[in-house]
Amino acid sequence: MLLQEKASFLKAARVSKAFLQPKLLHWTKTGTVTEGSFKVRKVLTVPDISRNELLSLAASAESYSTHPIARSIVTATDLDENPLDQVDSIQEISGSGIIASIKGAKVYVGNHLLLETSGINIPSKFSTLETAGPEIFIAKNNKFLGRIVVSDELKEDAREGIRELKDLGITPVMLTGDNEEASQFMADKAGISEVYAQLKPTDKFEIMKTLRAKFGPVLYVGDGINDAPVLAGSDVGAAMGSGSDSAIEAADLVFLNSSVEAIPKSVKIARKVLRTAKENITFAILVKVLVLVMGLLGYANMWFAVFADTGVTIICVLYSIRLLKIKF
């Protein structure tokens, strides 16, 4: 109940205890540290295709996707001048992008890994461009056509939330599939010193296992479909309320308002609740042992026994209720 009042939903009681243990916090970038509200900033094309034509082609391929980057491309497209084409089939490559069949042509929309594994060469002037945002390359029938530059904004409470996590003894680590320049740029703004970029979902899971073996229990925060396996495999998996259904289903804890500050608050609440429970148990045992000894020595009557049972229970309940008044 206390976590729900603080805009967090705990799905498993065991997680409250697990919050005492994490030494590392792993999270993705998009939708967790950042707003997840992308905007198209720049469109770079090869000479034989226009800006609107490239946007229309990419938007057609992404038209069935609910990913924030895909929606930003569709929004930026002038549908009156270049209406979307019907997609015949689509294949999603986890952690890379999509391959769509449009009017008999094979259209590639994704990061550099998608094009490289498909044998498509990216001209150096497009691949070496440094941008503070995810990379989206477009190709058609194995011919490179251009690159779309989008950007995201850091959440207002991200830097403060990360500082609080560090004060709690938890080291934040960013795991993301975005390019290194964009990831490092956002990490620097947020105050995260350790970044692993251009990762596939399986890479995230392997890195999490490696760091867990080295440092200890891990709290993982994510919001995308690709994060579900890592959320399920971490010591504590947490999803943002604005995340995908699969991420929310796999997570142990859901931050309903998607606030970064909700993460350290939840850790503080869990630690305080468990500390209070231990104090109550210790108090109850000490009182019962004391009354038992007094009874053996002939100093305790029935009313002492009533106090040791009912009285101690009431005191413990009243002591626990004070948690509702504490501001975290």
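Note: hydrogens, waters and symmetry copies are ignored here, and every other heavy atom, side chains too, is used. What you see is a predicted model; the values in this text were computed from it and never measured.
Both Ile49 and Leu115 are assigned to one and the same hydrophobic cluster, defined by single-linkage of ILVMFWY side chains at heavy-atom distances under 4.5 Å. One hydrophobic cluster, built from ILVMFWY side chains closer than 4.5 Å, cannot hold both Leu79 and Leu57; they sit in different ones.
A heavy-atom distance below 4.5 Å is not found between the side chains of Leu145 and Phe126. In this structure, Ser65 and Ile98 have side chains that are not in contact, with every pair of non-hydrogen atoms separated by 4.5 Å or more. With contacts defined as side-chain heavy-atom distances shorter than 4.5 Å, the pair Ile281/Ile285 qualifies. At least one side-chain heavy atom of His112 sits less than 4.5 Å from a side-chain heavy atom of Gln198. Contact check for Tyr319 versus Asn280: side-chain heavy atoms found under the 4.5 Å cut-off. Between Lys209 and Phe205 there is a side-chain heavy-atom pair separated by less than 4.5 Å. Thr210 has its side chain out of reach of Ile207: every pair of non-hydrogen atoms, C-beta onward, lies at least 4.5 Å apart. Asn82 places a side-chain heavy atom less than 4.5 Å from the side chain of Glu53.
Within the model, atoms CD1 of Ile162 and CG of Asp167 stand 12.0 Å from one another, a figure rounded to the nearest 0.5 Å.
Looking only at distances, no side-chain donor or acceptor of Asn141 sits under 3.5 Å from a matching main-chain atom of Lys143.
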Item to complete: Apply the test side-chain hydrogen bond (donor to acceptor under 3.5 Å, both in side chains) to residues Tyr108 and Asn142: give CA-CA distance (whole Å), side-chain angles for both, the deciding distance (0.1 Å), then the verdict.
Response: CA-CA 8 Å; Tyr108 303 80; Asn142 295 326; 3.3 Å; yes
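Applying side-chain contact (heavy atoms from CB on, under 4.5 Å) to Val260 and the options Arg159, Lys265, Lys155, Glu156 leaves one that passes, Lys155.
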